[in-house]
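Working notes, structure below.
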Amino acid sequence: MIKQLIVGDATHELAATRRILEGLSDEHMSWKPHDKSMTLGGLATHLINLINWQIAIFQYPEFDLATVPQRREALKKRADVLEEFDANVGKLKKLLDECDEKILDKEWTLRHGDHIILREPRAIALRTFGLSHMIHHRAQLGVYFRLLDIPVPGIYGPSADEEAQ
């Protein structure tokens, strides 16, 4: 039952994330709402990286944030974002299909050097560090879209833009 919940949740959230990424516009990829904010392209690129981190939950017993760059160069084209997103989702879905309850129950650790950030079963790590983290940044992308007057797709029902149509 745990696998069914995890796979169903991931499938829904990944599809919803793809819908919002489809709204990206090449002309706005370098835009950001505040000096401390990521650019639109940077935020979209971060969403792609979060899928890589979800993949790492299945491939490795731990993930050390001290060993990976905090930010990578932002993609500048919508087509590149969608292509990499789809490739990463394909890898994650394959891992989800192949996993079993034993894998989902195995402990996984997120660390930054010697500092342990979390240590929990893979199923919980995927939900919190993976999917919830992605949902958070997807919502930020929705705010960026609203500020740029880009239609925001509905995620858990119609958005204000979809109701107006």
Side-chain angles (χ1 to χ4, degrees), residues 2-3 5-21 24 28-78 80-145 147 155-156:
I2 291 173
K3 179 178 177 177
L5 288 169
I6 290 292
V7 170
D9 198 22
T11 300
H12 177 269
E13 297 304 340
L14 291 165
T17 301
R18 177 124 189 359
R19 276 196 310 279
I20 201 160
L21 291 173
L24 291 170
H28 294 111
M29 295 295 270
S30 62
W31 181 86
K32 60 183 183 175
H34 189 275
D35 286 340
K36 293 181 182 178
S37 299
M38 286 186 262
T39 64
L40 181 71
L43 188 53
T45 303
H46 185 55
L47 282 167
I48 291 168
N49 284 339
L50 291 177
I51 300 170
N52 287 327
W53 295 359
Q54 292 170 41
I55 291 167
I57 291 170
F58 290 96
Q59 291 181 327
Y60 309 107
E62 67 177 32
F63 190 75
D64 188 348
L65 292 171
T67 65
V68 296
Q70 289 300 309
R71 297 269 186 255
R72 65 179 266 205
E73 188 173 326
L75 295 170
K76 296 178 179 8
K77 298 203 177 286
R78 173 187 178 271
D80 294 338
V81 169
L82 293 174
E83 181 180 341
E84 190 171 337
F85 178 85
D86 291 342
N88 289 351
V89 167
K91 292 174 198 171
L92 180 59
K93 284 187 175 180
K94 184 177 187 300
L95 289 166
L96 286 168
D97 288 344
E98 293 171 353
C99 80
D100 59 24
E101 301 278 333
K102 286 173 90 174
I103 290 170
L104 291 169
D105 197 39
K106 272 191 159 181
E107 186 176 87
W108 185 81
T109 303
L110 175 65
R111 67 174 56 245
H112 191 278
D114 292 334
H115 173 66
I116 303 292
I117 298 168
L118 62 87
R119 181 173 280 146
E120 54 197 12
R122 281 186 165 103
I124 296 171
L126 179 66
R127 185 63 181 104
T128 56
F129 179 66
L131 296 175
S132 294
H133 193 168
M134 183 179 70
I135 292 164
H136 160 74
H137 287 298
R138 183 181 71 207
Q140 282 184 297
L141 199 57
V143 172
Y144 281 34
F145 279 20
L147 293 170
I155 302 298
Y156 303 109

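In this text, all values refer to a predicted model and were calculated from it rather than measured experimentally.
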Donor-acceptor pair, side chain of K94 and main chain of D97, under 3.5 angstrom: no
Pairs where residues 5-17 contributes a residue and the test side-chain hydrogen bond (donor to acceptor under 3.5 Å, both in side chains) is met, not counting sequence neighbours: D9-R127, E13-R138, E13-Y156, T17-R138
Sidechain-backbone polar pair: T39 side chain, W31 backbone, donor-acceptor under 3.5 Å: no
Result of checking H137, Q54, R72 against N49 for side chain to side chain donor-acceptor pair (under 3.5 Å): R72
Stepwise side-chain contact (heavy atoms from CB on, under 4.5 Å) test for F63 and N52: CA-CA 11 Å; F63 190 75; N52 287 327; over 6 Å; no
Over all atoms of both residues, closest heavy-atom pair of P33 and L147: CB-CD1, 3.9 Å
Test log, rule side-chain contact (heavy atoms from CB on, under 4.5 Å), inputs V81 and M29: CA-CA 11 Å; V81 169; M29 295 295 270; 3.8 Å; yes
Ring geometry between W53 and F129 (parallel below 30°, tilted from 30 to 60°, perpendicular above 60°): parallel
Flag side-chain contact, heavy atom, 4.5 Å: L126 against L96: yes
F85 side chain reached by L47 side chain, heavy atoms, under 4.5 Å: no
Within-4.5 Å side-chain heavy-atom neighbours: K102 and D105: no
E107 atom CD, neighbour heavy-atom count above 12 within 6.0 Å: yes
Side-chain heavy-atom pair D64, T67 within 4.5 angstrom cut-off: yes
Test log, rule side-chain contact (heavy atoms from CB on, under 4.5 Å), inputs I2 and L5: CA-CA 5 Å; I2 291 173; L5 288 169; 5.6 Å; no
T128-E120 side chain donor-acceptor pair, cut-off 3.5 Å: yes
Heavy-atom donor-acceptor pair, K3 side chain to C99 backbone, under 3.5 Å: yes
Any donor-acceptor pair under 3.5 Å from W108 side chain to A123 backbone: no
N88 side chain reached by E84 side chain, heavy atoms, under 4.5 Å: yes
Taking every non-hydrogen atom, the tightest pair across A66 and G113: CB-N, 3.6 Å
K32, NZ: over 12 other non-hydrogen atoms inside 6.0 angstrom: yes
Note, L92 side chain near V89 side chain (heavy atom, < 4.5 Å): no
From CA spacing to verdict: ring pair (Phe, Tyr, Trp, His ring centres under 6.0 Å), H46, H133: CA-CA 10 Å; H46 185 55; H133 193 168; 5.6 Å; yes
R111 vs E62, side-chain contact (heavy atoms from CB on, under 4.5 Å): CA-CA, chis, key distance, verdict: CA-CA 7 Å; R111 67 174 56 245; E62 67 177 32; 3.2 Å; yes
